[in-house]
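Here's the structure we're looking at; comments come further down.
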Amino acid sequence: MSGNENSKAVAVDRLLASIKEISGLPECRNVCKRMYGNLVRRVKLLSPLFEEIKDSDCELLSDEHIRSFESLGNALGSAKSLLEFMNQGSKLYRALQRNEMVEKFQQINDQIEAEIRVLQYEKFEISEEVREQIELVHAQFKRANARTELADLQLDSDLAVAQKEKDPGPEILNRLSEKLHLKTINDLKKESAELHDLVITSGGELGDSIEMMSSLLKRLKNCVLNENPEVDPREGEKISMKHRSPVIPDDFRCPISLELMKDPVIVSTGQTYERSCIQKWLDAGNKTCPKTQQTLLHTALTPNYALKSLIALWCENNGVELPKKQGSCKTKKSGSSLSDCDRAAINALLDRLANGGMEQQRAAAGELRLLAKRNADNRVCIAEAGAIPLLVELLSSSDPRTQEHAVTALLNLSINESNKGTIVNAGAIPDIVDVLKNGSMEARENAAATLFSLSVLDENKVAIGAAGAIPALISLLCEGSPRGGMVDEALAILAILASHPEGRTAIGQADPIPILVAVIRTGSPRNRENAAAVLWSLCMGDLLQLKLARDHGADEALRELSENGTDRAKRKAGSILELLQRMEEDDSLLKS
């Protein structure tokens, strides 16, 4: 066989191998079963054509034929990737994302149909039987309509009711259990694990959707048990538990106690802890996040309801009794709490940042954001790989989501002290301030948090003030945030900048007195404390600012704060009240 003939035979073999791989894919067991099965069946029917071509004289194939085979092979490769993707992950999430899947399936179907048409199979020397089969398959690809294949009005209606109503009724739950292929305890256990993975990979961005899916999964489980009362979901676990305990996912353990969490709460750095453990840490006077060592912007504890639901579901599915209320917290030592970073994966992400299109850059920045949040090793590896200058460039991206990912990734990287200097040296401060002024609400909030992190180093305070951050921070302070974080972060950084003479001057020029007094009146304890600290810095040695504070009614607000604020807030309020009293006495002497 000549070299040219051999290359043609290889092209046919590759096509046959692709068809065989797709034909051997496992059965789909989610809402895309019909669409998935139809595509696999059609591809499988292409095999006889290429079997006959292989058995004939490949030398008769032209270079154009070979190019067509290669193009069809690429289309089949895309089909295999989509089919594998569709048969993985959460079945509930796949059901909610059906419209997106329809578009992808239709694109693949149309691509394969076009490649079959280009083949001009009618010109091949093949048997009449095979020719008729290929004509039939080609016609099926032409007629295929993914939207029709996936259409299920009953499923759409049942999902809509299940999302809106707390008790959709057994009839609806039974139908959903059947159509989602969540019919056994093992199905439900696997779905619970897939939802957990989805929470991690999405970085919490799915928010309410995760909580909704967790709640629906719990109702489906109750429905399955009610329909099959003889099934004890814990019986198998009880037997095996005599010999072993299920491995608790790391994300379900409190980083302080390393125990399964019952009442998980989120601190200002985004880390989650068992409430009693982190409260004990805070009550001991600590001001930093135990896991990241980042200074806490505030001490408010936000319940992590999505994680709490997942933990409860995991406990049920694994025969584990929910932990009793933890009144005390005992710290345990662990081995290595930090995982080694995947340098190859990080380098691949940086390549997409540097050379990819907008969608690739957005996705890569989002992944780096999550990796940098995960642990200290990753923050070191990402910085050492050269990510920071590339992320700084993306702060000027015209795509809002890319900009959000970039500034949040820098925020997470700045937790590492040595990375702070690298970020500033990359010229990030002016770009971060620009995001602070013009970005989306989330991007502005995270830009403020990044500036706060960088301002911990004294040498950065002047640069932040010089870049025009202070008017933007005052603006954020006035606007606030639906999540409440905007005011916290803006005040925290203003309190730091006010400790520097140049920062204090710049803050005074931004007309901050009215909003500072308003926060002292009605803000949270931590915000009132920071507002008082900024006001104290402004009023010390500046009679004009002191008079402005008096004119805006600071006296009454400060008296209330001196009685009911935090210890630091009481001290600051008392000092300002003394300044106000001294000014009043001086005014009286002048009048007399």
Side-chain angles (χ1 to χ4, degrees), residues 203 266-271 286-300 365 368-380 382-383 387-389 391-392 394-395 403-437 439 442-470 472-473 476-477 481 483-500 503 507 526-527 530 533-534:
I266 305 168
V267 297
S268 67
T269 58
Q271 299 294 328
N286 295 296
K287 305 294 184 184
T288 57
C289 174
K291 188 172 182 180
T292 66
Q293 296 304 308
Q294 185 180 7
T295 301
L296 293 171
L297 303 180
H298 55 78
T299 56
L368 287 170
R369 166 185 181 171
L370 295 177
L371 285 172
K373 181 180 179 180
R374 197 157 294 160
N375 61 52
D377 276 356
N378 285 349
R379 288 189 277 276
V380 173
I382 291 169
I388 288 174
L391 290 168
V392 171
L394 289 183
L395 293 175
Q403 191 180 67
E404 287 173 14
H405 286 327
V407 74
T408 310
L410 290 171
L411 168 61
N412 294 335
L413 290 170
S414 72
I415 295 170
N416 180 287
E417 288 301 312
S418 62
N419 287 347
K420 289 180 176 22
T422 308
I423 292 170
V424 173
N425 292 336
I429 288 179
D431 290 325
I432 296 172
V433 171
D434 189 61
V435 174
L436 186 68
K437 294 176 180 176
E442 181 182 345
R444 294 168 71 192
E445 183 171 342
N446 288 336
T450 307
L451 290 175
F452 171 77
S453 178
L454 297 176
S455 67
V456 172
L457 299 180
D458 203 53
E459 59 268 26
N460 294 337
K461 294 175 185 174
V462 176
I464 292 170
I470 288 169
L473 288 167
L476 286 189
L477 202 56
S481 163
R483 292 181 295 178
M486 196 78 80
V487 172
D488 300 347
E489 286 151 4
L491 274 171
I493 187 172
L494 285 171
I496 289 179
L497 295 177
S499 65
H500 192 281
I507 293 172
R526 184 63 62 193
N527 287 343
N530 280 329
V534 176

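Count residues from 1 along the sequence.
- One finds the CZ atom of Phe452 at 10.0 Å from the CG atom of Leu497 (value rounded to the nearest 0.5 Å).
- Using a 4.5 Å heavy-atom cutoff, the side chains of Leu413 and Leu391 are in contact.
- When all heavy atoms of Ile493 and Ser455 are compared, the pair lying nearest together is CG1-OG, 4.0 Å.
- With hydrogens and angles left out, the side-chain atoms of Lys420 and Ser453 include a donor and acceptor closer than 3.5 Å.
- Judged by distance alone, with hydrogens and angles left aside, the side-chain atoms of Asn286 form no donor-acceptor pair with the main-chain N or O of Thr288 at under 3.5 Å.
- Distance alone, capped at 3.5 Å, places no donor-acceptor pair between the Asn416 side chain and the Val380 backbone.
- Here the closest heavy-atom approach between residue Leu473 and residue Ala448 is recorded as CD2-CB, 4.2 Å.
- Taking CZ from Arg369 and CD1 from Ile382, the interatomic distance works out to 13.0 Å, rounded to the nearest 0.5 Å.
- Within the 4.5 Å cutoff, the side chain of Glu404 has no heavy atoms near those of the Asn446 side chain.
- The main-chain N or O of Ala495 is never found under 3.5 Å from a side-chain atom of Asn530 such that the two would form a donor-acceptor pair.
- Counting all heavy atoms, side chain and backbone alike, Val392 lies closest to Ala426 at CG1-O, 3.8 Å.
- Remark: side-chain polar atoms of Asn460 are paired, donor with acceptor, to backbone N or O of Leu454 under 3.5 angstrom.
- Side-chain contact check for Cys289 versus Leu296: some heavy-atom pair is nearer than 4.5 Å.
- Here CG of Leu436 is found 11.5 Å from CG of Leu395. Values are rounded to the nearest 0.5 Å.
- The line from OG1 of Thr408 to CD of Glu442 is 5.5 Å long, rounded to the nearest 0.5 Å.
- How far CG of Asp431 is from CD1 of Ile423: 12.5 Å, rounded to the nearest 0.5 Å.
- Val407 approaches Thr450 most closely through the heavy-atom pair O-OG1, 3.5 Å.
- Atom CD1 of Ile415 sits about 5.0 Å away from atom OG1 of Thr292, to the nearest 0.5 Å.
- For Ala365 against Leu394, the heavy-atom pair with the smallest separation is CB-CD1, 4.2 Å.
- Here the shortest heavy-atom pairing between Lys373 and Arg379 reads O-NH1, 3.6 Å.
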